[in-house]
There are 2 protein chains.
Amino acid sequence: MIKPAPTKHIHCSDCPIRHRAVCSYADRDELDRLNAIKYYKTYPPGSEVVAAGEESTAIGSVVEGVVSLSKTMADGRRQMVGLMFPSDFIGRPNVPVAPFDALAVTEVTLCLFPRPRFERLMRDIPALERRLLEITLDELDAARDWMLLLGRKTAQEKIASFLTILARRAAAAGDSGGSLRIALPITREAIGDYLGLTIETVSRQMTALRKAGVIVLEDARNIHIPDFAALLEAAGEDSDGGLIA
Amino acid sequence: MIKPAPTKHIHCSDCPIRHRAVCSYADRDELDRLNAIKYYKTYPPGSEVVAAGEESTAIGSVVEGVVSLSKTMADGRRQMVGLMFPSDFIGRPNVPVAPFDALAVTEVTLCLFPRPRFERLMRDIPALERRLLEITLDELDAARDWMLLLGRKTAQEKIASFLTILARRAAAAGDSGGSLRIALPITREAIGDYLGLTIETVSRQMTALRKAGVIVLEDARNIHIPDFAALLEAAGEDSDGGLIA
DNA sequence: CAGCCGCATTGACCGAGGTCAACGTCGGGC
DNA sequence: GCCCGACGTTGACCTCGGTCAATGCGGCTG
């Protein structure tokens, strides 16, 4: 059994991203073992990573692209329940059957570990399990914010909130420095599924925010934000939270 | 350091409930140590367990009563993001400041552990951490179902879904055997906060379900369900899921 | 017992957002 | 270049659920 060591980030030697779950512990030998058994897989945009109810044989993280997790009702109504960006972790340990669809929104590359192997490592390495708990708790927090958005915010507040999330993510990814620009990775339909709205309402509220001067639409997929505080205001959020908060 | 043992449920000797997180590992000595440092605290109905943004000094589980977790916007709009029943775990390890209000809905008794002590034990006992990961993953799944409900279901489907959740919980708690009766633990206002609706809409849709014969209102807080399949149908859920599913 | 307060129900009305349909725009293939 | 299909925008209309207000219904206290 591996002795737990103080958590510390280390890059997998041959991997383009730092896996949030897998690479944040300090045992070098284990890292090498992990590197040996992982593999990459690429999905074209729009393709299915796993379908709801299907058995998923691998667990891993997003290297490049965007993956949406969504639930669909019998009559076709759909709600997105997760939007995963590079370094996000996908797959539920110990439960092989997926409770939602995972779709490649853009072209996607995943870094995957065979499920049984990953689960055994998780059992052997407490630090890995600890990291996974952290990630899951973060996701639960995000899910709860999302519930407030879905249950109580107006269409315009939903759109503005969505944009603040993307803006913060872009800022955190190091795109800060220049003026604030957001590249929307997803279609209006996917935004609607994310926010519990129709495409028409998404479109109308984007126009409304543009006319109010809160956002500038360079084109349909690229947005400039002249005043982040105004966007926060429109999102109905406590104005004290800055761009990084 | 404690050797991880196969997960097995053991009752804390002097505790009326089986703590999902704390008591599901097999080391007897550790259990005794845990028992030694826990304490009980009771809250009157309507009182605050912790307020959003406040530091929470303890972590533990519900022994008796119901606790709601909810987020509030600046203008007073509120969305419930969790409803905790006996044996549910409350408090986020490693993050001392609560991101939501926790309110005692009924009279509530909690079984608590001082935060620093609990966190140290978590680090020492991998099985405890593993159990907590399981719990958090379950809550995340529930949160995602809840998102589908908030984002895409009609008012009537929301009410019916809420009743199926309570019915399943009641059945799982061993109330099965007789005919299906639900005792609503919360007010119409709290139901509205749970479902993203107003009290008036909650009331109207309850009436509508009653007139449709799906439910029978014994009084405002006690509901009889003559046909669970009909309720599932009204909830817009895949009919294949039975009462226990 | 009266009076009151908190909770629930019901009705009348209205508006935010869904629905249906037309149109614009862009990009890729023949 | 032309056509076609995917994506996005805009308009007209309607419906579901929110808002405001009145009423009912116990339970509790003076």
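This structure is a prediction, so every number in the text was calculated from the model and none was measured. What you see below is based on every heavy atom in this structure, not just the backbone, and it leaves out hydrogens, waters and symmetry mates. Just so we're on the same page: letters track the sequence lines, and every chain starts at 1.
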Tell me: [atom1] of [X] to [atom2] of [N], nearest whole Å?
| X | N | atom1 | atom2 | value |
| --- | --- | --- | --- | --- |
| B/Ile199 | D/dT19 | CD1 | C1' | 11 Å |
| B/Asp75 | D/dT19 | CG | P | 10 Å |
| A/Gln156 | C/dG15 | CD | P | 17 Å |
| A/Ile159 | C/dG18 | CD1 | P | 10 Å |
| A/Glu189 | C/dG18 | CD | P | 14 Å |
| A/Ile186 | D/dA6 | CD1 | C1' | 16 Å |
| A/Asp219 | C/dG27 | CG | C1' | 14 Å |
| A/Ile191 | D/dC7 | CD1 | C1' | 12 Å |

Could you please name the option among [options] that lies closest to any side-chain atom of [X]?
| X | options | answer |
| --- | --- | --- |
| A/Arg221 | D/dC7, C/dA12, C/dG17 | D/dC7 |
| B/Ala220 | D/dT10, C/dA8, D/dG17 | C/dA8 |
| B/Gln205 | D/dT9, D/dG17, C/dC7 | D/dG17 |
| B/Thr201 | D/dT9, D/dG18, C/dT9 | D/dG18 |
| B/Ser203 | C/dT9, C/dG18, D/dT9 | C/dT9 |
| B/Thr198 | C/dT10, C/dG17, D/dG18 | D/dG18 |

Checklist entry - Can you find a side-chain donor-acceptor pair between A/Arg115 and A/Ser56 that sits under 3.5 Å? => result yes
Item to check | Donor-acceptor pair between A/Ser161 and A/Lys153 side chains, under 3.5 angstrom | outcome: yes
Next on the checklist: Under 4.0 Å, counting only non-hydrogen atoms across every strand here, what does B/Leu197 touch: a base, just sugar-phosphate, or nothing?
Outcome noted: sugar-phosphate
Item to check | Sugar-phosphate only, base, or nothing, as touched by B/Gly192 at under 4.0 Å among non-hydrogen atoms | outcome: nothing
Checklist entry - Taking atom types as they are modelled, is there a donor-acceptor pair under 3.5 Å from the base of C/dC20 to the side chain of A/Glu200? => result yes
Checklist entry - Heavy-atom distance under 4.5 Å between the side chains of A/Leu195 and A/Glu157, does that happen here? => result no
Item to check | Phosphate-side-chain proximity, B/Arg204 and C/dT10, N/O vs OP1/OP2 below 4.0 Å | outcome: no
Item to check | Within the 6.0 Å centroid threshold, strictly below: A/Phe118 and A/Phe89 | outcome: yes
Item to check | Cationic N near anionic O, under 4.0 Å, A/Arg92 to B/Asp141 | outcome: yes
